[in-house]
Amino acid sequence: MPEIRVTPLGAGQDVGRSCILVSIGGKNIMLDCGMHMGYNDDRRFPDFSYITQNGRLTEFLDCVIISHFHLDHCGALPYMSEMVGYDGPIYMTHPTKAICPILLEDFRKITVDKKGETNFFTSQMIKDCMKKVVPLNLHQTVQVDEELEIKAYYAGHVLGAAMVQIKVGSESVVYTGDYNMTPDRHLGAAWIDKCRPDLLISESTYATTIRDSKRCRERDFLKKVHETVERGGKVLIPVFALGRAQELCILLETFWERMNLKAPIYFSTGLTEKANHYYKLFITWTNQKIRKTFVQRNMFEFKHIKAFDRSYADNPGPMVVFATPGMLHAGQSLLIFKKWAGNEKNMVIMPGYCVQGTVGHKILNGQKKLEMEGRATLDVKLQVEYMSFSAHADAKGIMQLIRMAEPRNMLLVHGEAKKMEFLKDKIEQEFSISCYMPANGETTSIVTNPSVPVDISLNLLKREMALGGPLPDAKRPRTMHGTLIMKDDSLRLVSPEQALKELGLSEHQLRFTCRVLLHDPHSDTDTLGRIYTHLKSCTISKQRQGPAEGKLRQGELKGN
Amino acid sequence: MKLYCLSGHPTLPCNVLKFKSTTIMLDCGLDTTAALYFLPLPLVHSPRLSKLPGWVSKDGAINLEKELKECSGRVFVDSQPEFCLPEKELLDLSTIDVILISNYHCMMALPYITEHTGFTGAVYATEPTLQIGRLLMEELVTFMERVPKAQAATCWKNKEIQRLLPGPLKDAVDVWSWRKCYSVQEVNSALSKVQLVGYSQKVELFGAVQVTPLSSGYSLGSSNWIIQSHYEKVSYVSGSSLLTTHPQPMEQSSLKNSDVLILTGLTQIPTANPDGMLGEFCSNLAMTIRAGGNVLVPCYSSGVIYDLLECLYQFMDSANLGSTPFYFISPVANSSLEFSQIFAEWLCQNKQSKVYLPEPPFPHAELIQTNKLKHYPSIHGDFSSEFRQPCVVFTGHPSLRFGDVVHFMELWGKSSLNTIIFTEPDFSYLDALAPYQPLAMKCVYCPIDTRLNFHQVSKLLKDIQPLHVVCPEPYTQPPPAQPHRSDLMLELQPPPMAYRRCSVLGLPFRRRYERIHLLPELARSLVPSEIKAGVSVATVSAVLQSKDNKHVLQPAPKPTPVPPSKKRKRVTEEPPESLNPKPLLSGAVPLEPFLAMLHKNGITEVKVEETADGHILHLQTEDVLIQLEEDATHIICDNNEPLRTALRDLVLRFLQKL
């Protein structure tokens, strides 16, 4: 029986270091190759020794596909391709290809230069790795080899995020990456056609959440920022340089304009300008409204938002600062956080999900004392707010996607086990399809039942369709008969007559003759006529009974 | 399978392909050359044009001085310019299922096709094609609506009158089918029917046909199309280029194995080399500027202009003309320049990689930033106060009949210091200039047409080997002006099928197979038997389900157990619906084994008689005759049904059933 096997090396009942192996129709595909923000040791990267114990992965993988540029989806890529060794194709969309190396370089700098780690990938490795990347366009069908084809769909989430369909013959898998089913201020909603995959692998970050309307959340966010600024406090918004940051910038920019506010807004890294430039050049990946108006007014040119300098953190008075990274696990956002944490007038707004082990996760769980490096502890007095702005689909969105794609099986990754469990039950109930949620290293096999494609002779098909009309009649199924010729690699279904002809065989006639004696008072011609009509009416059904009983010759009745 | 040819213009094609159950329109180009018969539409009142004498026939019998004006010995229609549409009478346009667009120049007739015709289908185009096509349509509409003409001339179209007009008006064909420009509403409505596609995207049409756009290398988002089923493949090649300009290179290998290749949109100037023309363009431009004159470049607002700007960007500094301003004047100038920068995915590798830096892919961004290139929506407004001479002006329309270019012709035409450089190949420059004669300004003709030339196309066809080629008639003979140049035509074996306007071609296709799917349960139940080495045969009896042009065979349902009832006996007597029909038999009944078999079944007294074709067996006890021949068996058996059945089964053991 053909089957599809799925093994998560990361993101199995967990968020972080997404890396899922899929075997379909004899092809092996790696979906995403991310790092885990919560760990600083070996567990940071997926365990590639699962694929092979000794050496390079090239011969074990047909291709690698990266869904979007977040590090938990691409952070292990240079490690995998350059240090473990993989020379095959790596697919990602254009914006991902553009932005991914910048974030990788950023990540490398923090790890190597700041934390002083060795045995990490180098800048050159990032460059070499990116040379193996083949860009993907939306909806383009890319033929990886003769049998394996992949196709990207728009996923929302961040600029350039894609869902991918992987197809071998009639078997197919869809991997969503991270996606968002509601359009936001700068991106559109994920979309997929009714492709009925054998398996849909979906993220489930917000498996149990049904978020209130976006407008309410936005209002809440603006209110909190506004209040803090009014009372002279400072607002820290830890973000990733690309993605949520742009959405919140657009939001604050328009609010500042409308309310005529004067408090400065800063964006921390030098990335901003560059990041916004990417958004301008890849405007076709943003939402409809921005795309429509970009010639008149480019939404990514901000008037109120200025570049941040480290010295500004100590300035008196209110301010709003966007700082990277988003989970407060390192870098500038953590630095500023340490400075502002002691003042209850200040506020930190976490606009996205935080992985276990990060400072962000700890303070969101209400921890008031943080152990910092060395022996110092940090008292958290500032207000901590959580605003779910991260663009993941919520439970409603996930169900919506299932309705869109109509998969035959479902597999959840990129979420917490407990929440997955809940969603799994819900999916199985509502759609009566099997739903799986393997842990890391655990393999799920899904038996597929592909139909067999056959070439049918047009004559036979047309004859059959003409008999029964084009529409199938469920009440009276009719059987069609043909001969399947299997030759070399071809399967052809033809009418028995044609099969005989093609195979060079001649038909064998089988005939029977019987004499039947009748006693009838009517005249000969009259009797003959009656028998003739009677026979005519039943010949059709008689002949169906098989060769032996058919073939009555009307002519031979004469004289009997 | 048929091809209806609604346009005879080789580079502005409009064909309709009927393939399986679908009706597919391939492009809908608008022939704007008809505008050349009309007087230019000036933006500002032109005393010269308004003073042109009206036309009266020599004998004075026909007076059309209101409609026709004479200029330097030629007669022009004084009315809003009209265009020649694709043929609308050849087939019912409401039956068209989809329209495939190959590039933005080949979609300009779209509103005429999709509006007011009952068209209910979809239009497929790439995103750049849609966006730039929209710009070009909006520009056309603005050009027309900016200077409304009170009257519409129609009297001259009267057959009796047209016959008496001087050439070339006399020879204009189909003048009654010419139409005025569409409106913005019609453009919006037509473009709302467009569905976006990406290169190599497989689009299913009704489950019957799959269409796929492929990069054609000619312009941003330009595509060739593959139209195929599982067994037949038609390639539609339109406006393709192998030169390295800004668009993504042409995808060639996917065109292989075509049954039919429809070839349109070759270069209109086969004798001019685009690179040479570009050099000439630059040197003429430099010469004029150095002498203190202005340069006018009538052009479309998208396409070659990007390459011209890039070329000038490098050239001007090296020629020490760095301070000369460039003006790009068009209602869509800004949009065109902005849009060109956001389609990185559709650009050539080298431009694509710029976006990763991130830098704008085209250098005209830098020209704008450094104020070397300025763009204006029209000559009115800021332009009039800001413009400095000598300068280079890029503006439309290349026909010189409408748009801001008309103003510059009036302004600069009288001075021999100025130069007009024609780069667009769509219009004859002499015809374009006719209503401005006499003209002192220098004219340079540097047509830049990057589409395939005959040499490239014959090499391409050799590589991809289509079984049949269909092309417009002009490609099958040398150009009329150069009748000896047999290298400027298509010479193929078998010769290409030529079409002209209103042709209906039957394409040489015989469809013999269709794809069907056996459900796995059915496939498992089949019992193949090997007939010859490597050839196996299985009899299939199954239920056919056809839905959305997809065919599936499922196992025949098990005969439902008949509920016990009084009729039971009768029911069993009747053959059930699902019983097999008479299978075909093949093979021969060998004599000796058959006799042995009879013997085994208790029939021992058999008299064998040899005949010309085989044997006659006389079963003496039973008084039954069996004729055995190579291809036939005849059993004569009276009034003994059990015996007949037994004999039948014995015979059948030796035969193969199909």
Side-chain angles (χ1 to χ4, degrees), chain A residues 94 97-98 137-142 274 277-278 281-284 294-295 449-458 461 464-465 470 472 477-488 493 496-497 499-500 503 505-515 541 543-548 550, chain B residues 127 198-202 334-335 338 342 344-345 355-356 358 511-520 523 526 528 531 534-546 551 556-557 575 578-587 631-638 644-645 648 651 655 658:
Chain A
H94 282 276
K97 186 184 171 189
N137 293 329
L138 282 186
H139 300 165
Q140 172 195 18
T141 306
V142 175
K274 223 171 161 185
H277 214 108
Y278 280 116
L281 292 172
F282 288 113
I283 212 118
T284 51
F294 90 102
V295 176
N449 220 352
S451 55
V452 182
V454 161
D455 302 343
I456 185 170
S457 123
L458 209 59
L461 183 68
E464 200 59 29
M465 305 241 295
R478 244 167 6 83
T479 316
M480 79 174 264
H481 302 276
T483 304
L484 188 67
I485 304 179
M486 288 164 254
K487 193 175 164 188
D488 305 326
L493 187 62
E497 294 87 350
L500 275 184
L503 297 170
L505 304 174
S506 49
E507 192 189 341
H508 192 100
Q509 296 265 353
L510 184 56
R511 284 189 295 142
F512 300 91
T513 307
C514 286
R515 251 182 306 159
S541 64
Q543 273 193 343
R544 282 219 183 142
Q545 293 188 350
Chain B
E127 180 159 17
Y199 287 150
S200 309
Q201 180 178 347
K202 296 174 177 172
N334 186 23
S335 302
E338 288 285 339
I342 64 160
E345 281 119 305
V355 180
Y356 297 146
R511 293 183 48 224
R512 294 177 57 200
Y513 287 99
E514 182 59 88
R515 179 53 59 98
I516 200 166
H517 284 267
L518 306 188
L519 284 192
L526 296 180
I531 293 236
V535 183
S536 301
V537 172
T539 314
V540 179
S541 294
V543 173
L544 173 70
Q545 291 277 11
S546 296
H551 312 290
S578 61
L579 209 78
N580 294 5
K582 183 173 75 86
L584 288 182
L585 301 175
S586 123
D631 288 337
T633 302
H634 188 182
I635 299 174
I636 302 162
C637 160
D638 290 330
R644 193 191 64 82
T645 326
R648 175 196 70 183
V651 169
L655 297 175
L658 282 183

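Each chain gets a letter, A, B and so on, in the order the sequences are listed, and its residues count up from 1.
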Looking at A:Leu281, A:Val142, A:Thr483, which one has more heavy-atom pairs under 4.5 Å with chain B than the rest?
A:Leu281
Greatest number of heavy atom pairs closer than 4.5 Å to chain A - which of B:Cys637, B:Ala523, B:Pro528, B:Ser536:
B:Ser536
Rounded to the nearest 0.5 Å, the CD atom of A:Glu497 sits from the CD atom of A:Glu507 at a distance of 7.5 Å
Between A:Asp455, A:Val295, A:Asn449, which residue shows the highest count of heavy-atom pairs closer than 4.5 Å to chain B?
A:Asp455
In terms of heavy-atom pairs under 4.5 Å with chain A, the winner among B:Pro520, B:Gly534, B:Ser335 is B:Pro520
Please say whether more than 12 non-hydrogen atoms of neighbouring residues, nucleotides or ligands are located less than 6.0 Å from CZ in B:Arg511.
yes
Under 4.5 Å to a heavy atom of chain A? For B:Ile342 that would be both
Quick check for you: to the nearest 0.5 Å, what is the distance between A:Met486 atom CE and A:Leu493 atom CG?
10.0 Å
Rounded to the nearest 0.5 Å, what separates atom CG in B:Leu655 from atom CG in B:Leu585?
5.5 Å
Among A:Thr284, A:Ile283, A:Leu138, which residue has the highest count of heavy-atom pairs closer than 4.5 Å to chain B?
A:Thr284
Lys/Arg cation over aromatic A:Phe512: B:Arg648, 6.0 Å, 45° cone:
no
Heavy-atom cut-off 4.5 Å, strictly under: side chain, backbone, both or neither for A:Asn137 against chain B?
side chain
Less than 3.5 Å apart, any donor N or O on the side chain of A:His508 or B:Thr633 sitting next to an acceptor on the other?
yes
Proximity breakdown for B:Val355 and chain A, heavy-atom pairs closer than 4.5 Å:
both
